[in-house]
> 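Take this structure, written in C-alpha cells, and hold onto it; I'll ask about it next.
Basis for what follows: all heavy atoms, side chains included, without hydrogens, waters or symmetry-related copies. Order of appearance sets the numbers: ligands from 1, and atoms from 1 within every ligand. This structure is a prediction, so every number in the text was calculated from the model and none was measured.
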Amino acid sequence: MTKFLLSVHVLAVILAVGPVTVAASMFAPTTRRALAGAEVEINHEPAILGTLHRICRVYAYLGILVPIFGALTALSLGVLTDTWLIISIGLTAAAAAVLVLLVLPGQQKILADLTGTTPTLIRRLGMDTGIFNILWVVVTVLMIVRPGSTTGA
Ligand code: HEM
C-alpha cells in the first residue's frame, strides 16, 4: 500500500509541479518578448501568455494531490511527526502560498493590461517565480535525503 501511495505522490509531483515550474518560469521572459514585439504585425506572444497562465492555474489544482498523497504515505510509513517531514510540509505550504497569492495574481495582472505592464511588475513576477522554484528544489532534496530519518537510505 505504501508503495502505491508513494507512487501516486511522486507521479503527482512530476505531472503537476513540473509543468507549473516550467510554465511559470517562461511567463516573465515571454512577457518581455510580447512587449518588445508589440508593434510587429503577427505577435503570438500574448496568446502564449494566456496558455502559460492556464497551465499554471490548472496544474496547481492537480498539485493538491501532492500533499494529500504525501500525507497518506507519511501516515502509512509512520513518519508524520519526523522533523524533515514537518519542515517539508511547511515549505510546501509556503510554495503553495507564493503560487496562489503572488505568482498567479501577478500573471493575471499582466494579462489584464499587457501594454500597461511595467518592467518593475515583470521583475517582481520573475522574483516571486524564482522563490517558488527554489522552494520546490529544497523540498525535493529534503524528500530524498530525509535528514535524521531511520527509514531507508
Ligand atoms: C505536504 C507535503 C508533503 C508530504 C507530507 C510528503 C511526504 C512524503 C513521504 C512520507 C515520502 C516517503 C519518504 C520515505 O520513503 O521515507 C515522500 C517521498 C517523496 N516526496 Fe514528498 N511529501 C510532500 C511534498 C512533496 C513535494 C512538494 C515534493 C516535490 C516537489 C515531494 C517529492 C517527493 C519525492 C521525489 C519523494 C521520493 C523520495 C524517495 O523515495 O527517495 N514531496 N514524500
> Looking at Trp84, which atoms of ligand 1 are within less than 4.0 Å of one of its heavy atoms?
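This gives 13 (C) as the contact atoms.
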> To which of Ala12, Pro67, Gly70 does the heavy atom nearest atom 7 (C) of ligand 1 belong?
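Answer by nearest heavy atom: Gly70.
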> May I ask whether Ser88 places a heavy atom under 4.0 Å from ligand 1?
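Per 4.0 Å heavy-atom rule, Ser88 does not contact ligand 1.
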> Got a second to check how far Leu125's CG is from Thr117's OG1, nearest 0.5 Å?
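So the gap between those two atoms works out to 10.0 Å.
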> With heavy atoms of Val13 as the reference, note each atom of ligand 1 found under 4.0 Å away.
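So the answer, numbered in order with elements, is 28 (C), 29 (C), 30 (C), 31 (C), 32 (C).
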> Would you mind listing which atoms of ligand 1 come within a distance below 4.0 Å of any non-hydrogen atom of Ala74?
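Listed by number with element: 10 (C).
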> Heavy atoms only, cut-off 4.0 Å: how does Phe69 contact ligand 1, side chain, backbone, both, or neither?
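Neither part.
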> Would you compute the distance between atom CE of Met143 and atom CG of Leu91 and round it to the nearest 0.5 angstrom?
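Rounded to the nearest 0.5 Å, the CE-CG separation comes out at 9.0 Å.
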> Please determine if atom 21 (Fe) of ligand 1 has an N/O/S atom from Thr73 lying under 2.8 Å away.
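It does not; every qualifying atom lies at 2.8 Å or beyond.
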> For ligand 1, which atoms, with element, lie under 4.0 Å from some heavy atom of Leu6?
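Ligand 1 atoms under the 4.0 Å threshold to Leu6: 11 (C), 12 (C), 17 (C), 18 (C).
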> Kindly indicate, with the supporting measurements, whether the criterion salt bridge (charged side-chain N to carboxylate O under 4.0 Å, His left out) is fulfilled by Asp113 and Lys109.
CA-CA 7 Å; Asp113 181 17; Lys109 212 165 170 180; over 6 Å; no
> Need the ligand 1 atom indices (1-based, order shown) with element for anything under 4.0 Å from a heavy-atom of Leu85.
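Those qualifying, in numeric order: 5 (C), 6 (C), 7 (C).
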> Check whether any side-chain heavy atom of Leu142 lies under 4.5 Å from a side-chain heavy atom of Pro147, and answer yes or no.
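Side-chain contact under 4.5 Å: yes.
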> Can you name the nearest heavy-atom pair linking Leu62 to Leu15, along with the distance?
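So the minimum-distance heavy-atom pair works out to CD2-O, 4.2 Å.
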> A side-chain contact here means heavy atoms from C-beta on lying under 4.5 Å apart; do Thr140 and Val17 qualify?
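Result no, sub-4.5 Å side-chain heavy-atom pair not found.
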> Near Thr140, which atoms of ligand 1 are under 4.0 Å from a heavy atom of that residue?
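Answer, ordered by atom number: 29 (C), 30 (C).
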> To the nearest 0.5 Å, what is the distance between CG on Leu5 and CG on Leu75?
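Result: 9.5 Å between the selected atoms.
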> In degrees, rounded to 10 degrees, what angle do Met143 atom SD and His9 atom NE2 make at atom 21 (Fe) of ligand 1?
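SD of Met143, atom 21 (Fe) of ligand 1 and NE2 of His9 span an angle of about 170°.
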> Closer than 4.0 Å to some heavy atom of Trp136 - which atoms of ligand 1 meet that?
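Counting atoms of ligand 1 from 1, those under 4.0 Å from Trp136 are 27 (C), 30 (C).
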> Please say yes or no: joined through hydrophobic side-chain contacts below 4.5 Å, possibly via intermediate residues, are Met127 and Val138 part of one cluster?
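Shared cluster, no.
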> Heavy-atom contacts with Ala71 under 4.0 Å: which atoms of ligand 1 show up? List them by number with element.
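Checking each atom against Ala71, I get 5 (C).
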> When rounded to the nearest 0.5 angstrom, what is the spacing between CG in Leu49 and CZ in Arg54?
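So the gap between those two atoms works out to 11.5 Å.
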